[in-house]
Structures are given as C-alpha cells and as structure tokens.
Amino acid sequence: MKKVTLFLSSLLLVALSGVAGLAKAAEQVNVQGSNLQLNGLAVHSELRQEWFLNALYLSNKSDDPDEILNSPMIKRMQIKVLADQLPGRRLKRFWIERIKNNNEAAVVLENARGVRELADSLGQDFAAGDTINIDYVPGQGTVIQINGATVNTVDEAIFPLMLNTWVGERPPSSEFKDAILGNQSAVGYSDLLAKFSTITPAPS
C-alpha cells in the first residue's frame with residue numbers, strides 16, 4: 001500500500017511539474033521576432049456562460065490603457081474559447097457591437113471596411129479550445145490567426161478599436177479590465193494562467 005501511495009504521489013508531482021512548465025511558457029510569446037510578455041488574463045462571460053479566456057501580450061507590461069493603445073510596438077490579443085459551441089452569426093454581430101460601444105462613432109465609420117473584415121474573419125463557428133490571435137504588426141497591419149493559421153490581415157487602425165473592447169470605457173466588466181491590465185490577485189492570476197496554458201484546439 002505504501003508503494004502505491006508513493007507511486008501516485010510521484011505521478012502527481014510529475015503532472016504538477018508539467019502544468020507549471022506550460023504556465024511558465026505561456027507567460028511569453030514570440031510574434032514576428034519580438035518577444036512579448038503576458039500583461040494580463042481575463043474571462044469574458046455572457047449571460048453567466050464563460051465564452052472566452054483572453055490574454056494581452058506586450059513588449060513591456062503596463063496598466064495604463066492609453067500607453068498600451070498608443071505604443072508603436074508589436075502587441076497580441078489572444079482569445080481562447082471556453083464555450084462548447086459559439087455560432088458564427090452571433091459572433092459577427094457581437095464583435096461589431098463591442099467595437100461600436102467602445103469607440104467614437106466617427107472613428108468606427110472611418111474604418112467601417114476594416115471593422116467588417118475583422119468581424120467577417122472572426123464570425124465563424126467556434127468550439128472549446130479554439131484559439132484566436134489578433135496581432136498588431138507595425139508596417140504590416142492587424143494580423144488575424146485562428147488555430148495557428150493566418151486568415152486575414154486588415155488595416156493597422158483596426159487593432160486599437162478591437163483592444164478598446166477590453167480596456168475602453170465599456171469593457172465586459174471593471175474586473176475584466178483590471179485583470180487584462182495586470183491588476184488582479186496573485187492567486188487569481190495563477191489559477192487563470194494554469195487554465196489558460198492547458199487550453200488547446202481539438203485535433204479536428
């Protein structure tokens with residue numbers, strides 16, 4: 001019995017070590033040759049259902065929305081789907097409404113084509129584990145990837161409009177905004193990081 005207990009304890013330690021390694025790796029990402037740091041993590045819920053676990057990666061951590069938005073450095077918004085299924089028709093409308101609610105109408109109108117292209121790219125059916133990257137790459141544009149494959153590149157001006165849905169005046173919640181800006185408890189951050197690091201797209 002003692003040997004079985006020791007064996008199970010060893011397996012648990014190996015598993016925990018693996019999770020810790022994944023979590024540490026998730027705190028950094030390389031985008032177009034630039035090493036970015038994880039700035040914050042936050043869960044987006046709709047009607048009490050968790051939809052996304054979101055991450056913001058920056059060259060230098062910051063809790064100042066204006067500084068983040070105005071920085072000319074590469075940035076990444078990463079979205080991991082938590083819900084079992086999210087229909088594309090609903091999502092397309094969701095992205096457009098979020099952008100409109102967090103940006104000046106004149107700016108949205110000026111960039112209407114890019115906003116539609118972004119919404120079209122993200123307006124597809126998603127399932128739990130699917131991963132979306134929205135990268136701000138100066139000189140190239142706003143690059144959209146789904147499960148590692150680039151699906152579109154839209155104008156650079158679209159990235160701050162999208163980022164404002166997280167750090168603007170009407171984020172999903174004040175707690176969400178604080179978490180994305182790195183203002184959350186160490187325990188809360190650690191728990192989300194452990195969860196975030198293990199979410200991967202299904203083989204299909």
Side-chain angles (χ1 to χ4, degrees), residues 23-46 50-80 82 94-111 114-115 118-119 122 131-145 153-197 199:
K24 185 175 180 60
E27 290 190 293
Q28 293 188 347
V29 68
N30 187 283
V31 179
Q32 301 284 335
S34 293
N35 292 319
L36 307 183
Q37 303 175 58
L38 180 59
N39 196 71
L41 289 165
V43 174
H44 183 124
S45 299
E46 290 284 327
E50 292 185 343
W51 276 23
F52 309 115
L53 179 48
N54 301 321
L56 177 62
Y57 289 92
L58 305 172
S59 297
N60 298 295
K61 292 184 178 182
S62 174
D63 61 0
D64 184 337
D66 290 333
E67 179 182 348
I68 293 170
L69 289 164
N70 294 322
S71 169
M73 309 298 286
I74 291 177
K75 314 177 188 78
R76 166 169 286 182
M77 299 171 67
Q78 188 168 81
I79 302 167
K80 294 194 175 186
L82 298 176
F94 167 81
W95 300 119
I96 291 175
E97 289 177 352
R98 294 294 302 155
I99 289 173
K100 285 183 176 179
N101 289 339
N102 281 278
N103 295 280
E104 294 181 7
V107 177
V108 175
L109 182 60
E110 181 182 349
N111 293 281
V115 170
L118 174 73
L122 301 178
T131 299
I132 303 165
N133 292 331
I134 304 173
D135 297 338
Y136 173 75
V137 185
Q140 183 175 339
T142 300
V143 182
I144 304 161
Q145 295 180 330
T153 299
V154 299
D155 193 272
E156 288 182 25
I158 302 305
F159 187 89
L161 300 185
M162 186 64 176
L163 184 53
N164 253 336
T165 68
W166 289 3
V167 301
E169 294 183 359
R170 297 180 181 87
S173 68
S174 57
E175 292 80 11
F176 177 100
K177 181 175 179 177
D178 285 342
I180 282 292
L181 295 175
N183 299 320
Q184 64 184 145
S185 70
V187 173
Y189 171 78
S190 180
D191 288 346
L192 282 183
L193 181 61
K195 183 176 183 178
F196 179 81
S197 64
I199 298 174

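Side-chain atoms of Q32 and D135, non-hydrogen and from C-beta on, never get closer than 4.5 Å to each other. Side-chain contact between M77 and K75 is absent, with no heavy atoms from C-beta onward closer than 4.5 Å. By the 4.5 Å heavy-atom criterion applied to side chains, L56 and I68 are counted as neighbours. Looking at heavy atoms from C-beta onward, W166 lies in side-chain contact with N54 at the 4.5 angstrom threshold. Considering only heavy atoms from C-beta on, N30 comes within 4.5 Å of N35 through its side chain. Side-chain contact between T131 and N133: present, with at least one pair of heavy atoms (C-beta onward) separated by less than 4.5 Å. When side chains are defined from C-beta on, P172 counts as touching R98, because their heavy atoms get closer than 4.5 Å.
Taking all atoms of both residues into account, the shortest heavy-atom contact from S62 to N39 is N-OD1, 2.8 Å. Minimum heavy-atom separation, S173 to F176: OG-N, 3.0 Å. Closest approach of G168 to K177, counting heavy atoms only: O-NZ, 3.3 Å. Across Q140 and V143, no two heavy atoms sit closer than the pair NE2-CG2, 3.6 Å. Across every non-hydrogen atom of E156 and P138, the tightest pair is OE2-C, 3.5 Å.
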Step by step, would you call L122 with I134 a side chain to side chain contact (heavy atoms under 4.5 Å, CB included)?
CA-CA 10 Å; L122 301 178; I134 304 173; 4.0 Å; yes

What verdict does the side chain to side chain contact (heavy atoms under 4.5 Å, CB included) test give for F94 and T165, after you've listed the backbone C-alpha separation in whole Å, the side-chain angles of each residue and the deciding distance to 0.1 Å?
CA-CA 11 Å; F94 167 81; T165 68; over 6 Å; no

Applying side chain to side chain contact (heavy atoms under 4.5 Å, CB included), run through V43 and L53 and close with a yes or a no.
CA-CA 4 Å; V43 174; L53 179 48; 3.7 Å; yes

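Between the side chain of Q37 and the main chain of E27, no donor-acceptor pair closer than 3.5 Å is present. Between the side chain of D155 and the main chain of T142, no donor-acceptor pair closer than 3.5 Å is present. Although no hydrogens or angles enter the test, the distance criterion places no donor-acceptor pair under 3.5 Å between the side chain of K100 and the main chain of A105. Using a distance-only test at 3.5 Å, with no hydrogens or angles considered, a donor-acceptor pair links the side chain of K80 to the main chain of I199. Using a distance-only test at 3.5 Å, with no hydrogens or angles considered, a donor-acceptor pair links the side chain of S197 to the main chain of L193.
Note: F52 CZ to Q78 CD = 13.0 Å, rounded to the nearest 0.5 Å. If you take CG on N183 and OH on Y189, they are separated by 13.0 Å, rounding to the nearest 0.5 Å. With rounding to the nearest 0.5 Å, the separation of CG in D63 from CD1 in I180 is 13.0 Å. Separating the CG atom in L36 from the CG atom in N60 is a distance of 9.5 Å, to the nearest 0.5 Å. Atom CD1 in I79 sits 9.5 Å away from atom NE2 in H44 (nearest 0.5 Å).
Relative orientation of the F159 and Y136 rings is tilted, given thresholds of 30° and 60° on the angle between their planes.
For the pairing with L163, the side chain to side chain contact (heavy atoms under 4.5 Å, CB included) check across N102, I158, L69 returns one residue only, L69. With I99 as reference, N103 is the one residue of I96, N101, N103 to meet the side chain to side chain contact (heavy atoms under 4.5 Å, CB included) rule.
Residue pairs meeting the salt bridge (Lys or Arg N to Asp or Glu O under 4.0 Å) criterion with at least one partner in residues 186-195, sequence neighbours excluded, are E50-K195.
Taking a 6.0 Å sphere around CD of E104, one finds it holds 12 or fewer heavy atoms contributed by other residues, nucleotides or ligands.
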